[in-house]
Number of protein chains: 2
Amino acid sequence: MRLMSPPVGLAALTDTDLVGQVARVLTQAVVTGQLAPGAKVVEAGIARELGISRAPVREAARLLEQQGLLVSHPRRGFFVRKLEIRDIDEIYDLRICVECHAALLAAKNLTPANRAALRKQIDVLHETADLEDHARQVEEDYKFHRMIVEIAGSKRLLKVFDDLSSEMRMVIGLIGRLYDDPHRIAQTHEALLEVLEQGHDDIIAARFDYHIAAAWREVGRLVREIPSSTNGVAP
Amino acid sequence: MRLMSPPVGLAALTDTDLVGQVARVLTQAVVTGQLAPGAKVVEAGIARELGISRAPVREAARLLEQQGLLVSHPRRGFFVRKLEIRDIDEIYDLRICVECHAALLAAKNLTPANRAALRKQIDVLHETADLEDHARQVEEDYKFHRMIVEIAGSKRLLKVFDDLSSEMRMVIGLIGRLYDDPHRIAQTHEALLEVLEQGHDDIIAARFDYHIAAAWREVGRLVREIPSSTNGVAP
DNA sequence: TAAGCGTCGATTGTCGACAGTTTAATCTTG
DNA sequence: CAAGATTAAACTGTCGACAATCGACGCTTA
C-alpha cells in the first residue's frame, strides 16, 4: 500500500540557517565596501543589528575568514581584510591556473544543453551592457565564468573558484567601476565560447589565460591609479 | 617596569586558541580513521571529552567542514565525510592543476637556501624509508611537496594545497598503507628536484603531472581493491 | 503485516551571562 | 608638554541553559 505522497522536487527549506544568512549579509557588506578594508567587525554590533546573538555571528565570521574576506587577530576580533597589490596578483594568478584547467575540462563535458546555457548567458551580457548597473554587469560576467567551472564538473574546483570570486568582487568593489567596456566584454566572452566549442586544448588554455591576464592587467592598473588611502589597497 | 618575560621564539603558545586546538584534534581523528567516514560527530561528546563547552567545538567543526573533512546536515549535525571514487579523482585532478603551477613558480623563486632545504628533505625521505612508520613517511612526503608550494610564494595556492592535503591524508589513511615503495618515492623526488633546478617549464609541468598522476593511479587501484564496506569509500 | 502515528530520549541551534583582555581615555609626572 | 602610568569602557572567548527538532521504537489501524 502506498499512502506516502510521491516525491515532488521541492526545495528543502532551511529557514533556520542563521549562520548562512549572516555569512551572506557579511559577504555583501564586505564586497560592497559597506564594511571598508581594515574595518573592525564587532560581533556584538552585527548581532544587535540583526537581532540575534553573537554565536551565529562568530561562526559566520569564521566562514568569511576561511574565505579570505576577514582576518582574525586573537583576542582582538575580526577585521575586513586589507588587500595589497601582491594579493591581487595572487588572486589572478590562481584564477588563471584554476580557470584554464576548468575550461579544458568543460570543453570535454560540453553538451548541447550547457552550450545553450552559455550562449544565453552571453545574451544576458549583451543586454545588460547598455544598463548603467555596473554591479549587475560584474555579476553576470562572473556568472558566465562560473558556469564554465560548473560544467567542468569538479566540486572542489568550483569551491576554489567561488572563494576567489568573493575576493575578486571585493577588488572590483574597491575600484568602483568596470575594468573594460561592457560591450567589449560580451564580445570577448563570445570568442571564449567559440574556442571552447572548437575543443583544442592548447588554444583553449592560451585563450583563457590571455583573457584573465588582460583583466588582471587592467585591474592592476586601476588599483595602482587610485590613492591607497581611499581604497584600502596597500602598495 | 617590565615583569613580563621576554618573547622567546616558542611556537606562540596561544593558550586561548581553543578552536584551533579542537580543529587539530578533530583533523587528526579524521585522517587517522579514529573517526570513521560517515560517523556522526556529536558536539557535546567532543566537548565533554575535551573538557570544554560546545561553542568552540562547533566553530572548529565549521572549519573542518569548509576544509571538506566534515559535512553538516542542518539540524542533524556534523558527519565525517564519505569519500567516493569520484572525490578521489577530483582531489588528484585539482592537485595536479595546483602543484604543476606551483612547481613552475617555485622554479623561478629557487634560491640556494630553499634548494638546500629541499635537498635536506629528500635526505629525510631516504632516512625514513627504512622505518616501518608509514604515517611518518606519508608526512615527510607531503612536507616535500608542501615546501615546493611554499617556495612558489602564493598564500592562496598554499591554502588550496593544504586543504587538499587533509583530504589526501584521509584517503591514504583509509588505504592504510603506502602506495609505493618508500625508497622509490625518495628517488622520484630527487628527480623532481633536478627537473626543478633545470628550470624548463614544459619539462617541469610534464614531470610533476606524471608524478602525481602516478600516485593517483596507484591510490585509485588500491581503493578499488578494498571492499568499500570496510574503508568508507563508496564506488 | 506494513505504512503511518505518537512518544521519548538525544542532540542541535540559539541565547544571555561572566571573566579576562584589549583599547581608549584620563590622569600623572618628570 | 610629552611619555608613561592608570582607569574605565568595550569587546572577545567561553560557558551553561533552554526550547525546538530529530531519530528510534513501539503502537495503532486499515
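Proteins get letters first, then strands, A, B, ... in listed order; numbering begins at 1 in each. Since we're looking at a predicted model, the values are computed, not measured.
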Check [Y] with [X], please: is the shortest side-chain N to carboxylate O separation under 4.0 Å?
X        : Y        : result
A/Arg136 : A/Glu139 : no
A/Glu59  : B/Arg58  : yes
A/Asp163 : B/Arg156 : no
A/Asp87  : A/Lys82  : no

**Message:** Using the side-chain heavy atoms of A/Leu18, tell me which of these nucleotides is nearest: C/dC15, D/dC11, C/dT21.
**Reply:** C/dC15
**Fill in**
Closest of D/dC22, D/dC11, C/dT21 to the B/Arg75 side chain is D/dC22
Please report, rounded to the nearest Å, how far the [atom2] atom of [N] is from the [atom1] atom of [X].
X       : N      : atom1 : atom2 : value
A/Gln21 : C/dT14 : CD    : C1'   : 13 Å
B/Leu70 : C/dT12 : CG    : P     : 12 Å
A/Phe78 : C/dT22 : CZ    : P     : 16 Å
A/Glu43 : C/dT21 : CD    : C1'   : 14 Å
A/His73 : D/dC11 : NE2   : P     : 18 Å
B/Ile46 : C/dT12 : CD1   : C1'   : 14 Å
A/Asp17 : C/dT12 : CG    : P     : 16 Å

**Asked** Going by heavy atoms closer than 4.0 Å, what residues in residues 47-59 of chain B are next to DNA chain C?
**Response** B/Arg54, B/Arg58
**Message:** Take a 6.0 Å sphere around CD of B/Gln34 and say whether it holds more than 12 heavy atoms from other residues, nucleotides or ligands.
**Reply:** no
**Request:** For B/Val41, answer base if it contacts any base atom (sugar-phosphate contacts may also be present), sugar-phosphate if it contacts only those atoms, and nothing otherwise; contact means non-hydrogen atoms under 4.0 Å.
**Result:** sugar-phosphate
**Prompt:** Is a side-chain donor-acceptor pair under 3.5 Å present for B/Trp216 with B/Asp93?
**Reply:** no
**Message:** OP1 or OP2 of D/dT12 versus the side-chain N and O atoms of A/Lys40: is any pair under 4.0 Å?
**Reply:** yes
**Request:** Would you please classify the geometry between the A/His189 ring and the A/His145 ring as parallel, tilted or perpendicular, with 30° and 60° separating the classes?
**Result:** perpendicular
